[in-house]
Structures are given as structure tokens and as C-alpha cells.
2 protein chains.
Amino acid sequence: MNQEINRWKEETTHTEPIFSGKIISLQVDTVALPDGSTATREIVKHPGAAAVIALLNGKLLVVEQYRKPLEKFQIELPAGKLDAGEDPLEAARRELEEETGYKAETLQLVSAFYTSPGFADEKLYVYFTDQIVSGKQQTDEDEFLEVMAITLAEAEAFISEGRISDAKTIMAVYVWKLYLLTGKLPV
Amino acid sequence: MNQEINRWKEETTHTEPIFSGKIISLQVDTVALPDGSTATREIVKHPGAAAVIALLNGKLLVVEQYRKPLEKFQIELPAGKLDAGEDPLEAARRELEEETGYKAETLQLVSAFYTSPGFADEKLYVYFTDQIVSGKQQTDEDEFLEVMAITLAEAEAFISEGRISDAKTIMAVYVWKLYLLTGKLPV
């Protein structure tokens with residue numbers, strides 16, 4: 001099978017830069033297709049991000065904030081984008097403390113996934129810890145959020161109500177359930 | 001708490017349209033912050049998408065395709081974007097048959113989540129079925145893919161190897177594990 005699908009790799013024949021912002025950039029690539037035709041691909045470039053599943057006395061630390069693209073408040077894992085050249089583990093450690101005021105003594109990588117591979121290269125690294133101590137909350141200057149520690153039942157209720165509705169946080173709840181059921185983190 | 005966070009809703013003072021493409025569009029909004037300052041938000045608009053966790057004789061139907069934003073082949077759930085005004089359930093039914101050649105007799109909504117709420121409004125609806133019959137494969141003209149049915153052990157190996165590395169498909173594997181462990185789909 002690999003031989004066959006190797007034919008299908010999309011070679012770029014032209015890249016049109018559209019936008020370069022403070023978080024994302026956008027380009028449109030023209031690609032050659034296996035049948036000899038061409039197509040365009042709209043591609044968002046993102047520096048990547050890190051998030052933490054942090055359990056404090058059996059509750060999950062989450063933050064509630066206004067999400068402008070959705071025009072609503074959302075409850076999510078503590079998370080943030082990587083600074084230039086930053087190790088995802090360090091970003092996870094930094095974001096957890098900045099957003100929640102708690103420091104992780106250990107962090108274990110659970111999963112690293114592309115959030116939207118059809119149009120973006122954003123990769124999100126998700127870490128787990130149940131070893132946390134008090135640190136110092138210090139949010140970004142344009143970031144306003146509330147910290148909560150929630151039970152699994154509360155998390156499931158927030159999912160049902162749509163107050164938790166992003167991929168990483170729903171995935172975190174599944175990881176948490178698998179951890180409670182099997183005693184270990186999933187692959 | 002709701003009273004307090006209501007103060008933090010980000011009102012738009014200006015919207016700058018940047019790009020309008022065949023799949024996404026991009027705008028930069030200027031917003032008013034609670035402390036009286038302003039900030040910009042880079043926002044990708046996406047029509048939404050639907051994906052299917054389809055089990056055939058205890059194996060998961062997946063497709064392998066070249067993902068230009070990642071510049072590599074990826075194994076993923078059958079999925080696709082919503083056509084204008086399309087019901088996500090109908091999109092899921094359509095994409096499953098077009099991409100894999102199998103038709104779902106039943107489809108149950110498992111989760112609907114925002115893939116990347118920091119910069120995009122894309123919402124992905126994930127359905128489940130273990131009732132499928134043969135249909136007619138018919139991919140889009142610029143879409144080239146391979147269909148496979150994989151075991152849970154194969155899925156976990158593909159995750160470890162990075163051949164499965166997108167949010168919806170990793171989440172699907174967690175859903176599948178929870179379904180096998182508990183006999184039901186998670187919240």
C-alpha cells in the first residue's frame with residue numbers, strides 16, 4: 001500500500017502568502033494531484049500549543065474564559081501557545097502556573113495531536129499531572145479568566161450543557177475516565 | 001460567578017476581513033477588554049465538519065490520505081466539511097459513504113466539539129455506528145485516499161507511530177475503548 005499512496009503526495013507548485021499575524025499566518029498553496037490536475041490548499045500556520053490535565057485532590061483544574069471565535073464563555077483545560085522555540089513541556093508547566101496559580105511537580109505527556117489537519121498545522125501537546133503545589137497566577141495582559149476545580153460528574157454536566165465543548169477538554173475527560181477505569185493513562 | 005465574568009465579554013469594535021477562500025475565511029477583530037484597553041483577535045471561520053466512528057465486524061473504518069498542512073500521510077476517521085446549510089447528520093452519512101463505500105443504517109451523535117477555540121470557529125460533529133452496509137465510494141475530485149478497517153491494537157500502534165495523530169481520531173479511539181469497557185458511549 002505504501003508504494004501506491006506515495007504517488008499521491010501533494011507537491012507544491014506555488015505558495016501565496018496571505019497574512020502573517022501575532023498568532024497565526026495563512027497561505028494558499030497550489031498543489032499537483034495524481035491525475036495531473038492542480039488544486040489549492042488553504043493552510044493556517046500555528047506555533048503549536050500545550051495543555052495540562054491537572055488533578056487536585058481528585059478534581060480537574062479548568063479555566064473559564066471568553067472565546068472570541070465562538071462568541072461565548074468556555075470552560076477548558078489550562079493551555080496556551082508555544083513561544084518561539086519553546087519546549088512543549090516547558091510551555092505546559094508555564095501555562096498551568098500562569099493561568100491557575102498551581103505548579104506541576106511532574107508532567108507526563110498523554111497525547112500530541114493535530115487539532116484540524118484539513119486546514120491547519122497546529123499541534124497540541126497534552127500533559128497529565130496529579131502532583132501539584134501552589135505557585136503564582138500571572139495571566140497575559142489581554143487574558144481574563146476564572147479558575148475552577150471540578151469533579152468528573154461536574155465535567156460531564158458541563159459537556160452536556162455546552163460549557164465544555166472543545167476537543168482537548170472533552171478528550172481530557174475521556175482520558176480521566178479511562179484513567180479511573182483502568183488505573184493508567186491511555187496510549 | 002456569572003455576573004463577574006459577564007463583564008469580560010469581548011465586544012468587537014472593528015472587523016477587518018482578510019481572506020475568503022473555498023473552505024475558510026480569515027478576519028481580524030479588534031475587541032474591548034475589561035481593563036479599558038483593546039486587543040486584536042485573529043479568527044478563522046469554517047463551515048463545520050462531520051466525522052463517523054464506524055465499526056465493521058469489530059474493526060474501525062479509517063482512511064489514509066495526504067494532509068497538505070502537515071506534509072504527511074495520516075490515518076483518520078472518515079470526515080468532511082458541511083456543505084452550506086447541511087445537517088451534520090446528513091454530512092456524516094454522506095462522507096462515510098463517499099469516502100469508504102459503506103452506508104450507515106443508524107448514526108448516533110457522540111460529541112460535537114470546537115477543534116481550536118483560540119483562533120477558529122470550526123465545530124466537528126462525531127457520530128457512531130456499528131450498523132453498516134455496502135454502498136458506493138465516490139471521493140471528491142481533488143481527494144485521493146485509501147480505506148482500511150483496523151483493530152483497536154492496530155489503532156493504538158498507529159497512534160504510537162504517529163500515523164494517527166489528529167484530535168478526532170485519537171478521541172475516537174478513546175471513545176471505542178470506553179465503549180468496550182463500559183458497554184456504552186461516553187457523555
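Proteins come first, then strands; the chains are lettered A, B, ... in the order of their sequence lines, and each starts at number 1. Not measured: the values here are computed from a predicted model.
Interface check for chain A: of the options B:A39, B:G118, B:S111, the most heavy-atom pairs under 4.5 Å are formed by B:G118. Chain A forms the most heavy-atom pairs under 4.5 Å with one residue out of B:E42, B:H46, B:K123, and that residue is B:E42. Taking B:I164, B:V28, B:D35 one by one and counting their heavy-atom pairs under 4.5 Å with chain A, the maximum is reached by B:D35. In terms of non-hydrogen atom pairs under 4.5 Å with chain A, the most contact-rich of B:A157, B:A155, B:P117, B:S37 is B:P117. With respect to chain A, the highest number of heavy-atom pairs below 4.5 Å among B:T38, B:V173, B:I43, B:L70 belongs to B:L70.
Counting non-hydrogen atoms of other residues, nucleotides and ligands closer than 6.0 Å to NZ of B:K22 gives a total above 12. Within a 6.0 Å radius of OH in A:Y102, no more than 12 heavy atoms belonging to other residues, nucleotides or ligands are found. Shown here is A:N57, whose CG atom has no more than 12 heavy atoms of other residues, nucleotides or ligands within 6.0 Å.
At least one side-chain heavy atom of A:I24 sits under 4.5 Å from a side-chain heavy atom of B:V44. The shortest distance between side-chain heavy atoms of A:V31 and B:Y66 does not fall below 4.5 Å. Looking only at side-chain heavy atoms (C-beta outward), A:T169 and B:F113 stay at 4.5 Å or farther from each other. Between B:L181 and A:T182 there is a side-chain heavy-atom pair separated by less than 4.5 Å. In this structure the side chain of A:I23 never reaches within 4.5 angstrom of the side chain of B:R41, judged on heavy atoms.
B:E122 touches chain A through its side chain: at least one heavy atom from C-beta onward sits under 4.5 Å away, while N, CA, C and O do not. For A:E71, the part lying near chain B is the side chain, with the backbone staying farther off; criterion is any non-hydrogen pair under 4.5 Å. With a 4.5 Å cut-off on non-hydrogen atoms, A:D166 touches chain B through its backbone and its side chain both. When heavy atoms are compared at a cutoff of 4.5 Å, A:A112 approaches chain B solely by way of its backbone atoms N, CA, C and O. Contact annotation for A:Q65: neither backbone nor side-chain heavy atoms come within less than 4.5 Å of a heavy atom of chain B. Within the 4.5 angstrom heavy-atom criterion, no atom of A:V126 approaches chain B. In this structure, the portions of A:L178 lying under 4.5 Å from any heavy atom of chain B include both its backbone and its side chain.
Of all non-hydrogen atoms in B:M171 and A:A167, the two that sit nearest each other are CE-O, 3.3 Å. The two residues A:K9 and B:F73 make their nearest non-hydrogen contact at N-CZ, 3.8 Å.
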Kindly indicate, with the supporting measurements, whether the criterion side chain to side chain contact (heavy atoms under 4.5 Å, CB included) is fulfilled by A:K81 and B:F119.
-> CA-CA 11 Å; A:K81 72 180 176 68; B:F119 70 89; over 6 Å; no
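Applying side-chain hydrogen bond (donor to acceptor under 3.5 Å, both in side chains) to A:Y114 and the options B:Q74, B:K72, B:K168 leaves one that passes, B:K72. With B:K68 as the partner, the side-chain hydrogen bond (donor to acceptor under 3.5 Å, both in side chains) test is satisfied by one option alone out of A:T40, A:T12, A:D121: A:T12.
Taken together through direct or relayed side-chain contacts under 4.5 Å among Ile, Leu, Val, Met, Phe, Trp and Tyr, B:V110 and B:L180 form part of one hydrophobic cluster.
Within the model, atoms CD1 of B:I18 and OG of A:S20 stand 11.0 Å from one another, a figure rounded to the nearest 0.5 Å.
Between the side chain of A:E156 and the main chain of B:V187, no donor-acceptor pair closer than 3.5 Å is present.
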